[in-house]
Structures are given as C-alpha cells and as structure tokens.
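Let me begin by presenting the structure, written as structure tokens, before commenting on it.
Treat the numbers as computed from the prediction; the structure is a model and nothing was measured.
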Amino acid sequence: PPGGAALAEPELFDLPRPAAAIALGRLDDEPGFDVAVAAGTELVLLQGRDRRLTSSERSRLTVGAPRIDRVAFAEELLALAVGRVARRCPQLIALTSSGRVQLVSRHDAPDWEVSPTGLELAIADRGDVRLFAASLSSLARQDLVLAQGDSTLVVANLLQTPNEIRKLGRRSLLEEVRSSASVVQALALRLNGDALQDLVVLTADDPRPKLYLSAPITTFRVNSCLLY
C-alpha cells in the first residue's frame with residue numbers, strides 16, 4: 001500500500017501465555033530487526049524480514065511466513081532487553097522471576113543459545129519491572145539497568161575480562177541507587193558533553209525528574225586547531 005507499514009494489515013501471532021515483555025533488536029546476523037516476546041516460561045522469537053509493503057501486490061505475495069522460534073525456560077520471564085552487555089554485538093537479556101539474568105543469542109550459530117551470567121537481582125515487585133541496557137561507563141560493554149516499583153534502581157555491568165575489571169577501578173560491578181519513593185520510570189539519555197548516557201528517573205513523590213549524570217573513567221583532550 002502507498003502508506004507502507006502505517007496502513008498495512010498487521011500480522012497476528014498466537015502466544016502460549018499473555019505477553020509480559022517485548023524487545024526489539026538485531027539478534028542474529030540477518031539485517032532485519034527481530035522481535036522477542038516473554039510469554040510465561042517461554043520465549044517467542046520472530047525473525048525480522050522485509051514484507052515489501054511499499055512494493056507491488058505481486059511482489060508482496062512472494063514474501064514467506066516469518067521464522068518463529070521458541071525457547072523454554074525453567075522460570076517465568078519478567079523482563080527483556082537488548083544490548084551489548086557481554087559482547088560487542090547485541091544480545092537479548094532475559095530476567096527471570098527469581099532475579100536471574102540470562103543472555104540469548106544466535107550470532108554465528110544455527111540455534112538460539114542461552115547463557116547464564118551468574119548475576120542475580122533482587123525482585124521487589126514482579127508486576128512492575130523495567131529492564132534496559134545503557135552506556136553509563138567507559139567500558140566496552142553496556143550497563144544493565146533494572147528499575148522496579150520500589151525505591152531501588154539497580155545498575156550492573158557484566159564484565160568479562162580482568163583487564164576490564166581493572167579499568168573499572170573501585171567502581172562497583174553492582175550498584176543500587178536508592179530514591180525517596182517508588183520508581184515510576186527510568187530512561188537513558190545523553191545530557192552532557194561526554195559520550196556516555198545519563199539516567200533520568202521519575203519517582204512517585206515528585207513530578208520533577210531526578211538526574212544521575214555518569215562520568216567517564218578517563219578523559220583526554222583533542223586539539224583540532226593545529227596547523228599541518
């Protein structure tokens with residue numbers, strides 16, 4: 001159709017349980033964006049593809065059905081996120097009801113692989129959990145942010161090598177930011193001149209956002225005014 005995806009008929013997919021979380025990102029080596037849905041103890045993964053919505057009807061009829069994979073977990077899934085928390089390529093991050101953080105990926109592999117991280121987060125309210133990845137430190141990996149309905153905001157980093165741990169210095173691998181009231185929402189935005197993201201947090205007791213500015217571990221200055 002001339003309007004593209006905005007006017008196209010949506011595709012409907014059946015889930016085994018109501019969806020608790022959804023994440024979008026490039027989870028394999030294909031160019032399309034994939035969709036991951038947490039439905040109970042099952043993770044449903046829909047591989048992205050070009051539906052050719054702006055092409056002719058004849059061309060759209062050649063588009064096949066999407067690949068749908070299902071990965072079973074031993075525990076209920078509470079939240080999903082996509083980020084570069086353990087590798088330089090994006091991975092799916094799954095948080096289970098017991099607080100375990102696991103990584104799901106299919107880069108350079110035919111099937112989805114689930115890898116435990118050893119990280120367990122305290123879950124205060126299973127019905128109000130938000131998980132996302134953000135670049136809050138100068139490390140090569142993104143940080144993992146867990147915002148809950150209580151007054152705790154957890155920031156964790158899944159460091160993989162001793163060199164990265166040494167670069168971190170005395171900064172904790174797992175930090176808790178205590179707010180004065182329950183956390184309503186948290187976002188990662190760039191609010192200053194460095195290349196890192198900062199946290200904007202909304203709490204139930206104050207309509208004004210709270211800002212947590214990150215800072216690089218090391219800095220250097222580039223003088224671009226030299227004459228060559």
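- The salt bridge (Lys or Arg N to Asp or Glu O under 4.0 Å) analysis of residues 33-43, with sequence neighbours excluded, yields the pairs E42-R70.
- The only member of V201, V200, V155, L191 that meets side-chain contact (heavy atoms from CB on, under 4.5 Å) when paired with Y212 is V201.
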In residues 14-27, what donor-acceptor pairs under 3.5 Å come from side-chain atoms, sequence neighbours left out?
unit_1	atom_1	unit_2	atom_2	d
R26	NE	P31	O	2.8

Would you check, one step at a time, whether the test side chain to side chain contact (heavy atoms under 4.5 Å, CB included) holds for R106 with D69?
CA-CA 11 Å; R106 195 174 60 187; D69 296 319; 2.9 Å; yes
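- Put simply, the side chain of R130 never gets that close to the backbone of L187: no donor and acceptor are under 3.5 Å apart.
- Atoms CG and CG, on L121 and L119 in that order, are 4.5 Å from each other to the nearest 0.5 Å.
- Across all their heavy atoms, P207 and L202 have their closest contact at O-CD2, 4.1 Å.
- The same ILVMFWY cluster, assembled from side-chain heavy atoms under 4.5 Å apart, contains both L131 and V85.
- With sequence neighbours excluded, the residues that form a side chain to side chain contact (heavy atoms under 4.5 Å, CB included) with S135 are R84, Q142, Q197.
- In terms of heavy-atom proximity, F132 sits nearest to A186 at CE2-O, 3.5 Å.
- By the salt bridge (charged side-chain N to carboxylate O under 4.0 Å, His left out) test, D206 pairs with R208, sequence neighbours left out.
- Under the rule for a salt bridge (charged side-chain N to carboxylate O under 4.0 Å, His left out), R190 has no partner lying at least two apart in sequence or in another chain.
- Here the CD1-OG distance, from I123 to S98, works out to 8.0 Å after rounding to the nearest 0.5 Å.
- The side-chain heavy atoms of V145 and L136, taken from C-beta on, include a pair separated by under 4.5 Å.
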Working for side chain to side chain contact (heavy atoms under 4.5 Å, CB included), residues L43 and L92:
CA-CA 11 Å; L43 177 65; L92 180 67; 3.6 Å; yes
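- Residues satisfying the salt bridge (charged side-chain N to carboxylate O under 4.0 Å, His left out) criterion with R100, sequence neighbours excluded, are E75, E120.
- Smallest separation of non-hydrogen atoms from A81 and A133: CB-N, 4.5 Å.
- Interatomic distance, CG of L45 versus CZ of R67, reported as 9.5 Å (0.5 Å rounding).
- Atoms OG1 and CD, from T96 and Q102 in turn, are 6.0 Å apart once rounded to the nearest 0.5 Å.
- Judged as a side chain to side chain contact (heavy atoms under 4.5 Å, CB included), and not counting sequence neighbours, the contacts of A94 are F73, L77, L80.
- Note on V129: it does not cluster hydrophobically with V37, by side-chain heavy-atom contacts below 4.5 Å among ILVMFWY residues.
- Between the OG atom in S105 and the CD atom in Q91 there is a gap of 4.5 Å [rounded to 0.5 Å].
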Residues I93, L95; criterion side chain to side chain contact (heavy atoms under 4.5 Å, CB included); working and verdict
CA-CA 7 Å; I93 309 147; L95 178 68; over 6 Å; no
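- The CD1 atom of I68 sits 4.5 Å away from the CG atom of L46 when rounded to the nearest 0.5 Å.
- Note: the hydrophobic cluster containing F33 also contains V44 (ILVMFWY, side chain heavy atoms under 4.5 Å, direct or indirect links).
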